[in-house]
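Throughout, protein chains are lettered first and strands after them, A, B, ... in sequence-line order, and every chain is numbered starting at 1.
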There are 2 protein chains.
Amino acid sequence: MIRCMTIEELRQRLAEQRKQFPEGRIGLVPTMGFLHEGHASLMRRADEECDFNVLSVFVNPLQFGPNEDFDRYPRDIERDAAIAEKNGIDILFMPSVQEMYPMKPLTKVLISDVTDRLCGASRPGHFDGVGTVVSKLFNLVQPDRAYFGMKDAQQVAVIEQMVQDLNIPVQIVRCETVREADGLAMSSRNVYLNEDQRQQAVVLSRTLREAGSWLQEKGMTTQELTQRIRASIETAPLAVIDYAEVLTYPSLSVIALNQDLSQLSGNLIIALAVKFGSTRLIDNRLFELQGGDVHVQNDDEIEAAQSNSDRGEPQLCGQHHH
Amino acid sequence: MIRCMTIEELRQRLAEQRKQFPEGRIGLVPTMGFLHEGHASLMRRADEECDFNVLSVFVNPLQFGPNEDFDRYPRDIERDAAIAEKNGIDILFMPSVQEMYPMKPLTKVLISDVTDRLCGASRPGHFDGVGTVVSKLFNLVQPDRAYFGMKDAQQVAVIEQMVQDLNIPVQIVRCETVREADGLAMSSRNVYLNEDQRQQAVVLSRTLREAGSWLQEKGMTTQELTQRIRASIETAPLAVIDYAEVLTYPSLSVIALNQDLSQLSGNLIIALAVKFGSTRLIDNRLFELQGGDVHVQNDDEIEAAQSNSDRGEPQLCGQHHH
């Protein structure tokens with residue numbers, strides 16, 4: 001594995017690789033480092049599918065708000081390098097902030113609508129920073145495929161929208177969230193949690209699992225489901241809800257509060273952001289509604305949905321339930 | 001020459017070309033069609049420097065304001081195709097609006113600061129549309145070099161800024177403005193002019209030429225120069241000034257009104273937008289100030305300035321004149 005600190009070196013290594021293997025497929029796994037098993041699963045998937053893989057480790061200041069955790073975001077580049085090497089990465093690209101932003105950037109890639117809610121609403125400017133840095137990484141690496149975890153489902157939706165709108169020649173690969181044994185979604189931010197917070201944090205994944213059966217109840221409305229979700233999270237005394245929403249996916253449109261969800265077909269997401277102390281955790285689950293049949297998507301199905309439709313999103317429309 | 005109406009066909013042709021000639025250099029000349037000698041000069045330059053050249057002809061609705069001339073913008077695709085073929089173009093890419101924007105685009109590439117003045121101020125949203133469509137064309141063609149005329153000097157500055165900020169792997173080539181025999185800068189919009197307007201339109205280039213000697217006058221200030229420029233344009237009774245500004249280039253920063261220009265060094269632009277009837281013409285001239293030596297840049301020097309500095313712009317700073 002080669003480590004590249006500079007854009008020039010990255011470009012040179014990639015040019016050599018392309019010259020030697022013009023048909024070789026190049027994969028990109030963009031991360032902010034402090035890698036965990038979730039990232040490792042993206043790398044293994046890239047390694048299976050591509051001939052040459054780049055892992056980027058860059059904590060992007062542009063996507064952090066002024067009161068967020070940019071400075072204290074956990075970093076451990078030696079551990080990251082060991083994990084990358086073990087999981088088939090060929091180039092570890094770890095630029096400095098100065099290298100990525102040598103002067104004040106005047107250009108922003110802004111994605112609207114799909115950024116209106118969830119983290120887009122809670123973290124103003126966050127997705128402007130994501131769109132901009134991911135554009136840069138795509139231009140630097142020019143990957144054939146790029147791998148993103150569905151734990152950040154809104155990020156995936158935003159990047160898919162950007163890729164489509166700007167005709168970026170890359171295939172976005174949605175990868176399933178990896179979880180701890182008790183269900184907690186893996187996240188670099190989990191290290192912030194103290195013991196009590198860590199124990200209670202399981203409430204997110206448990207709520208999402210239970211919501212699957214609530215969704216199957218006849219006559220369940222958006223409002224009722226949202227209330228049950230909130231009540232379930234609030235059983236954890238340390239949990240402070242930032243958002244708990246039921247939306248379409250990937251367009252992230254609002255569903256009418258009195259909508260009978262059993263009458264819907266299409267992809268629906270339940271997305272949560274919950275604070276434990278100063279640590280904000282997110283999690284989500286996708287459901288495929290088929291006019292009453294509720295179905296939790298697994299990895300293979302996420303892929304199938306992607307290849308079946310441009311945006312992986314069947315038209316969400318009311319259907320009669322039999 | 002191959003004509004491509006669809007993105008799929010364009011990508012396929014380019015993939016074949018790249019497979020057959022992996023080392024071949026690909027050039028792009030992005031235009032809105034109704035080609036004239038100015039465009040032809042861009043194509044010839046591309047043909048000299050590149051192995052395979054794409055001309056895009058696309059009147060981009062995103063860069064026209066609601067009261068602008070999108071609908072009546074002149075089009076003549078057969079004439080365009082003949083000019084392209086004669087000037088060494090290999091692929092003429094002429095997509096429909098539906099092909100470029102199959103659904104409402106949610107992603108915009110916004111460039112700030114350098115878009116604050118001139119056409120950025122007169123045509124709100126114009127450069128958002130330019131940045132977005134040029135990003136798309138760069139992603140579709142992935143050219144090694146892209147050719148732009150300096151008649152749209154602000155457009156060149158905006159695109160250079162975008163390319164730098166987003167690490168787009170393309171070299172922007174600045175090409176000199178081509179003029180009619182009497183000095184009028186070539187433009188597709190010149191066909192709108194009636195006989196009287198056409199005769200008076202020469203006032204733009206004449207004023208820019210004279211400004212070169214005014215600049216050499218000792219103690220000439222930004223304010224005095226701007227006043228002389230406006231007075232000169234107003235000698236044409238049909239001319240209505242939209243803007244007439246003296247700025248740095250390419251950052252397009254304002255220079256203090258009482259600044260003694262003879263004391264400056266750096267690149268300066270005089271940029272004009274003048275309406276004749278409902279037809280809005282633009283023209284500009286670049287000057288390289290060296291603490292008193294005024295120098296009009298020609299084509300070779302534009303290139304040299306580009307390779308000498310990242311942004312082609314020496315620091316603009318006061319110097320004592322001897």
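Put simply, the side chain of B:T31 does not reach to within 4.5 Å of the side chain of B:F58, judged on heavy atoms. No side-chain heavy atom of B:L268 sits under 4.5 Å from any side-chain heavy atom of B:L286. Looking at heavy atoms from C-beta onward, B:P30 lies in side-chain contact with B:F148 at the 4.5 angstrom threshold. Considering only heavy atoms from C-beta on, A:E99 stays 4.5 Å or farther from A:M5 through its side chain.
With sequence neighbours excluded, the residues satisfying salt bridge (charged side-chain N to carboxylate O under 4.0 Å, His left out) with A:R3 are A:E78.
Proximity to chain A is limited to the side chain of B:R11, based on heavy atoms less than 4.5 angstrom apart. Neither the backbone nor the side chain of B:P22 comes within contact range of chain A, judged by heavy atoms closer than 4.5 Å.
A side chain to side chain contact (heavy atoms under 4.5 Å, CB included) with A:L55 is found for exactly one of A:L35, A:L42, A:D90, A:L28, namely A:L35.
Most heavy-atom pairs under 4.5 Å with chain B, from the set A:I111, A:L166, A:I168, A:I7: that is A:L166. Each of B:N167, B:T115, B:L140, B:V170 has some count of heavy-atom pairs under 4.5 Å with chain A, and the biggest count is that of B:N167.
When the heavy atoms of residues 122-137 of chain A are compared with those of chain B, the residues falling under 4.5 Å are A:T132, A:S135, A:K136, listed by number.
The pair B:K108-A:D165 fails the salt-bridge criterion, with no side-chain N (NZ, NE, NH1 or NH2) lying under 4.0 Å from an Asp/Glu carboxylate O.
Both tests pass for B:R75 against the ring of B:F70: distance under 6.0 Å to the centre and angle within 45° of the axis.
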